[in-house]
Amino acid sequence: MDENTLQELKDTARRIRALTIDQIGYFGVGHIGGALSIVEALTILYYRHMNIDPQNPAKRDRDQFILSKGHAGPALYSVLADKGYFPQEWLHTLNVGGTRLPSHADMVRTPGIDMTAGSLGQGLSAGIGKALGHRIDGIDSKIYVIIGDGESNEGQVWEAAMSASHYKLNNLIAFTDYNKMQIDGYTQDIMDLDDLNAKWVGFGWNVLRVDGHSFPALNRAICKAKEEKCRPTMIIMDTIKGKGAYFAEGNLGNHNMPFDYDTAKEAIARLEKGAE
Amino acid sequence: MGKEKDMRATYNDTLIDLAASDERIVLMEADLMNASGTVTFKSTYPERFFDMGVAEANMAGVAAGLSSVGKIPFAASFAPFASRKTYDQFFISANYAHLNVKMVGTDPGITAQVNGGTHMSFEDGGLMRNIPGLVVFEPCDNVSLEKLIRKAAEYEGCTYMRLHRKGGNIIYKEDDEFELGKGVVLRDGSDVTLVATGLVMVAEALEAADELKKEGISAAVIDMHTVKPIDRELIVKYAQKTGAFVTCENHQVVNFLGSAVAEVLVEEHPALLKRVGVQDEFGEVGKLDYLKKRYGLTAANIADNARAILTQKKQ
Ligand SMILES: Cc1ncc(C[n+]2csc(CCOP(=O)(O)OP(=O)(O)O)c2C)c(N)n1
Ligand SMILES: [Mg+2]
């Protein structure tokens with residue numbers, strides 16, 4: 001990845017972070033932690049890898065994305081607004097009665113969302129369905145899914161894991177946002193995932209482990225996943241929950257956290273300062 | 001509503017107290033300990049507390065196993081997950097097996113607020129009411145919550161409780177007593193009977209009765225905290241007395257309170273009935289006031305329905 005591309009991606013990620021902090025801070029409370037830990041992943045997918053067209057969101061042969069950890073919706077809304085799927089002003093309607101941007105990703109209400117989520121554990125199965133359907137129709141596209149590490153407690157995740165490799169879904173590329181935290185505490189203390197790599201390997205997946213905040217690392221992994229011939233890929237991203245917001249980063253209470261608009265503005269100012 | 005102690009604090013405190021005298025009591029969470037407010041149960045009885053992670057179906061199955069060796073598990077998650085995600089495990093391993101699991105669904109109905117449609121269960125009570133023999137209840141204030149938790153713990157068999165987490169209310173006096181399956185007449189009346197369940201709707205029904213009183217309408221208000229088994233005797237008594245009902249629930253009108261009351265009336269003493277509740281819709285995101293209006297879960301709507309049914313009664 002050349003310097004220019006890298007710089008562009010970093011700038012974009014900073015913009016997405018700022019929009020996400022602004023959006024949640026404007027409402028006053030929200031899932032800031034899990035939204036900020038996936039900003040680099042969303043950025044590299046939506047600005048570099050995915051074949052999509054905001055003018056034609058339903059394009060049949062597009063790549064699709066499922067935010068299985070649907071509570072991180074605000075990060076995805078920032079990306080979709082930035083890409084022009086809907087007006088940026090919508091971001092200040094997050095969670096307001098009658099909004100088209102509910103806390104959890106919702107394909108009925110929001111342009112550009114490919115799958116509804118929010119009840120954890122369901123997105124990967126839906127991704128398998130999309131991947132199988134595209135295979136039937138001969139559509140050469142990729143289905144991307146992000147799941148949470150806490151979400152990986154759900155049995156359905158492992159039922160999906162088994163079926164994706166059974167059906168040799170090389171058009172399915174999943175990510176685990178391994179931020180090591182769920183609501184009640186560290187994943188290690190609440191429900192230990194132990195050797196997560198080994199689990200996915202055991203289920204027959206192509207497993208890659210990356211720093212989830214590093215664009216070159218993410219890029220290499222996604223390129224590798226795209227070349228995979230007969231297995232689904234799981235990219236396990238080591239991430240930091242709340243990454244980039246001084247009041248939230250790494251703080252166990254950051255899952256669904258209240259903060260006011262002034263705090264949001266201060267956090268955004270610091271982000272921009274960090275960029276200089 | 002709202003100024004009182006959080007209902008979840010009453011849940012936690014009552015279970016700590018129960019656990020002190022009954023070593024069979026165990027508590028289970030599915031990564032929502034902070035939400036259910038059971039942190040001090042965990043610190044008081046760490047060996048009797050199990051956080052199962054985000055895995056509700058497994059939690060229900062494990063609860064059944066604990067029950068089979070003599071424990072009394074209280075297991076909680078948000079209402080949609082405590083019901084929809086656990087349904088077959090709770091149904092087969094716990095209920096069909098005649099065990100003793102106390103399932104708790106928090107943030108029922110519109111109280112899920114900004115968690116939105118995926119978290120807004122208007123169907124959990126109905127699903128649970130369909131399980132043979134299951135006791136299903138929804139306390140409306142902190143006093144009845146504490147007393148009914150104690151009754152549920154004493155009762156040998158499975159129960160499902162809809163638990164409001166945040167905010168509370170005081171409707172009863174400290175020394176009031178409660179029985180599962182017995183409704184409480186909060187206010188007597190002769191023109192129409194408002195039958196309500198839960199924190200949101202009992203308060204709205206009382207307010208509606210006040211409003212109606214100003215117009216000279218005498219409305220009885222019943223707190224039907226237990227929706228299954230429903231208090232048939234009390235419904236029949238008020239059918240004879242008023243001949244007109246409005247049910248009030250923070251739930252789909254299908255298969256929960258409104259349906260239960262309708263079934264009794266049709267079978268035992270036909271009377272007029274209107275059902276205030278969610279009219280076969282999904283939930284959506286918003287704050288409580290918005291959602292109350294959005295789904296008509298308001299005193300004003302209850303009063304309108306009462307007036308309408310009284311007009312019908314006169315014809
Ligand atoms: C089935 C289900 N159970 C419970 C919840 C409530 N909940 C929302 S987020 C969350 C923790 C998720 O942890 P993780 O997947 O690690 O999310 P992240 O750290 O990425 O925010 C829980 C328990 C839910 N949304 N769905
Ligand atoms: Mg996590």
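Letters go in sequence order (proteins before strands), and every chain restarts at 1. Everything quoted here is computed from the prediction, not taken from an experiment.
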At a heavy-atom separation under 4.5 Å, does [X] approach chain A through its side chain, its backbone, both, or neither?
{"X": "B:N58", "result": "neither"}
{"X": "B:L32", "result": "both"}
{"X": "B:K85", "result": "side chain"}
{"X": "B:Q113", "result": "neither"}

Could you walk me through whether B:N115 and A:H31 pass the side chain to side chain contact (heavy atoms under 4.5 Å, CB included) check?
CA-CA 10 Å; B:N115 268 327; A:H31 295 101; 3.7 Å; yes
Which residue out of B:D51, B:D289, B:V54, B:T118 racks up the most heavy-atom pairs below 4.5 Å with chain A?
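Maximum pair count with chain A is reached by B:V54.
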Atom [atom1] of residue position [X] - does it have more than 12 heavy atoms of other residues, nucleotides or ligands inside 6.0 Å?
{"X": "B:R24", "atom1": "CZ", "answer": "no"}
{"X": "B:Y87", "atom1": "OH", "answer": "yes"}
{"X": "A:K83", "atom1": "NZ", "answer": "yes"}
{"X": "A:Y26", "atom1": "OH", "answer": "no"}
{"X": "A:Y261", "atom1": "OH", "answer": "yes"}
{"X": "A:Y246", "atom1": "OH", "answer": "yes"}
{"X": "B:Q279", "atom1": "CD", "answer": "yes"}

Which bit of A:H255 comes within less than 4.5 Å of chain B, counting heavy atoms only: side chain, backbone, both or neither?
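Interface part for A:H255: neither.
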Heavy-atom pair of closest approach, residues B:G116 and A:S103
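For B:G116 versus A:S103, the nearest heavy atoms are N-OG, 4.2 Å.
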Looking only at heavy atoms, what is the nearest atom pair of A:T99 and B:V285, with distance?
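Closest heavy-atom pair between A:T99 and B:V285: CG2-CG1, 3.4 Å.
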Partner chain B: residue of [options] with the largest heavy-atom pair count (under 4.5 Å):
{"options": "A:Q182, A:H71, A:E154", "value": "A:E154"}
{"options": "A:G70, A:S152, A:G98", "value": "A:G98"}
{"options": "A:G30, A:P102, A:S119, A:A117", "value": "A:S119"}

Is it true that a side-chain atom of A:N153 and a backbone atom of B:G53 form a donor plus acceptor pair closer than 3.5 Å?
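Absent.
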Euclidean distance, B:N34 CG relative to A:N256 CG, rounded to 0.5 Å
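Spacing of CG (A:N256) from CG (B:N34) equals 11.0 Å.
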Could you tell me the separation between the CG atom of A:N95 and the CD atom of B:E284, rounded to the nearest 0.5 Å?
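Answer for the CG-CD pair, A:N95 versus B:E284, is 11.5 Å.
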Does any non-hydrogen side-chain atom of B:V114 lie less than 4.5 Å from one of A:F27?
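The answer is yes, as the side chains (C-beta and beyond) meet within the 4.5 Å cut-off.
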